[in-house]
Amino acid sequence: MFDDAIDRGLVNSWPGCSILALVIGGTCSRRMHRQSERRTKYFDSAAARSGVFYACPFYRSPENPMSIDPAAAQHPSNSRCVSVFGAYGHTGRFTVAHLLARGWEPILVGRDAAKLAALAQDFPGLEQRVATVDDPASLDRALEGAVAVLNCAGPFSESGGPLIEAALRARIHYLDTAAEQQPVIAAFERYHDAAVQAGVAVIPAMAFYGGLADLLATAAVGDEAGADAIDIAIALDSWHPTAGTRLTGQRNTARRLVIGGGALQFLADPAPTREWTFAAPFAKQDVVALPFSEIPLIARHLRVAEVHSYLNLTPLKDLRDPATPPPVAADAHGRSAQRFAIEVEVRGGERRHRVAAQGQDIYAVTAPLLVEALERIVDGRRRGDGVIAPGQAFDAADFLRALAPDYLGLGGLD
């Protein structure tokens with residue numbers, strides 16, 4: 001499906017970075033004995049501060065082949081250290097706090113030393129490493145001694161490729177929060193074989209947009225061989241976008257894709273509209289077709305003829321208004337007051353099944369999604385190596401239940 005999309009010009013190939021034969025050694029500084037007394041304080045206070053994403057220039061090189069020398073790096077499988085790229089961004093802060101709450105040792109990584117130092121005041125004792133995506137050596141230093149890197153810095157068309165390649169050089173796992181479709185497709189096409197060779201998992205779009213819908217769709221399909229159609233509908237009662245969301249929207253000019261006839265195809269123009277009846281409190285909503293990264297994730301591993309994604313109109317009014325402010329903390333965990341619902345309906349023959357999730361703050365919920373995935377990868381509860389979709393990598397229903405009721409309210413799971 002993805003090869004065909006590239007051949008037909010639906011997806012642009014991703015320029016690559018040269019691969020350096022570097023030995024990744026050493027370990028990050030260990031302060032785990034201090035974590036138990038820090039976790040609750042960090043989760044309650046540090047995430048409450050707002051931050052912004054940053055954009056980095058995309059590193060380009062004429063070399064395209066990607067290979068991993070087994071002797072070139074060591075996989076620090078016993079490490080509890082995790083590099084968080086874009087740690088001082090809005091989602092990055094939630095992620096750092098959640099890692100600490102779950103007993104991990106985050107390494108704060110970003111391009112701006114001053115912002116890292118400011119973040120470290122909220123998270124004292126954590127190591128800071130400056131790195132930019134146009135400097136591969138700085139990325140190598142930023143990932144040294146970590147078991148994984150969590151990339152929270154969009155646009156992912158700019159940060160994804162260099163960070164994945166750095167993770168492969170270090171032979172560590174990679175996860176990101178991409179909502180854009182093309183970086184996810186490019187990751188599948190370009191890096192799967194190298195990740196298998198390195199013995200690591202690369203999971204793009206492990207976030208509210210992308211990964212959550214893929215997990216719900218996988219759980220809804222269940223043990224069936226596939227489905228005739230999957231419809232995904234998202235309702236938000238508001239959307240106060242971060243600076244990173246706005247920047248990604250400005251730079252993501254690629255035409256959106258859906259699945260039709262079992263293959264990726266362009267979304268119709270104008271985008272289709274319809275009504276969707278959500279569970280309370282959203283009830284009946286007008287929605288418009290607006291696919292995100294769940295489309296390439298689902299296409300990667302589920303046999304389905306048609307997949308369409310919709311968003312209600314209320315958040316789009318907020319998003320399109322330049323005066324809409326960024327999210328503001330409304331509780332002790334730093335979450336905004338925003339409520340969300342995401343529902344997935346699977347149809348196959350006479351079978352029709354709907355599953356749903358509701359919760360608070362689309363940015364904040366990404367942190368437990370990321371960290372739950374990280375823990376399952378590291379402790380061996382993943383299905384194979386390579387570039388893999390969340391629903392492909394994990395027991396989807398079990399994964400979702402692990403987030404309930406603290407982060408998700410679930411409905412329709414058998």
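Numbers here are sequence positions counted from 1. Heavy atoms only: backbone and side chains are in, while hydrogens, waters and symmetry mates are out.
In this structure, the side chains of Ile342 and Leu216 come closer than 4.5 Å at one or more pairs of heavy atoms.
Between the side chains of Thr273 and Tyr310, not a single donor N or O lies within less than 3.5 Å of an accepting N or O. No side-chain donor from either of Gln360 and Tyr407 sits under 3.5 Å from a side-chain acceptor of the other. Under 3.5 Å, the side chains of Tyr174 and Asn151 contain a donor-acceptor pair of N or O atoms. Checking Ser238 against Asp318 by side-chain atom types alone, no donor-acceptor pair falls below 3.5 Å. Defined by atom type and a distance below 3.5 Å, a donor-acceptor pair is present between the side-chain atoms of Trp276 and Glu343.
Ion pair Arg93/Asp122 flagged as a salt bridge, since at least one NZ, NE, NH1 or NH2 atom sits closer than 4.0 Å to an Asp/Glu carboxylate oxygen. Of the charged side-chain nitrogens involved, at least one lies within less than 4.0 Å of a carboxylate oxygen, so that Arg251 and Glu158 count as a salt-bridged pair. The existence of a salt bridge linking Arg102 and Glu372 is confirmed by a sub-4.0 Å separation between a basic side-chain nitrogen and an acidic carboxylate oxygen. Between Asp269 and Arg256 there is no salt bridge, since none of the side-chain N atoms of the basic residue sits less than 4.0 Å from a carboxylate O of the acidic one. Between Arg303 and Glu224 there is no salt bridge, since none of the side-chain N atoms of the basic residue sits less than 4.0 Å from a carboxylate O of the acidic one.
Evaluation of the ring-ring contact (aromatic ring centres under 6.0 Å, His included) rule for Phe292 yields Tyr209 as partners, not counting sequence neighbours. Applying the ring-ring contact (aromatic ring centres under 6.0 Å, His included) criterion to Phe340, with sequence neighbours excluded, gives Phe208.
Within 6.0 Å of CZ in Arg320 there are 12 or fewer heavy atoms belonging to other residues, nucleotides or ligands. Within 6.0 Å of CZ on Arg274 lie more than 12 heavy atoms contributed by other residues, nucleotides or ligands.
Between His98 and Phe94, the gap from one ring centroid to the other reaches at least 6.0 Å.
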Practice item. Would you please test Arg339 and Asp361 for salt bridge (charged side-chain N to carboxylate O under 4.0 Å, His left out) and show each step? Key: CA-CA 6 Å; Arg339 304 298 303 185; Asp361 192 332; over 6 Å; no

Exercise for review: Check the pair Asp379 / Arg382 against salt bridge (charged side-chain N to carboxylate O under 4.0 Å, His left out), numbers first and verdict last.
Suggested key: CA-CA 8 Å; Asp379 69 19; Arg382 73 178 190 272; over 6 Å; no

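No donor-acceptor pair under 3.5 Å is formed between the side chain of Gln197 and the backbone N or O of Ala194.
How far CD1 of Ile164 is from CG of Leu139: 12.0 Å, rounded to the nearest 0.5 Å.
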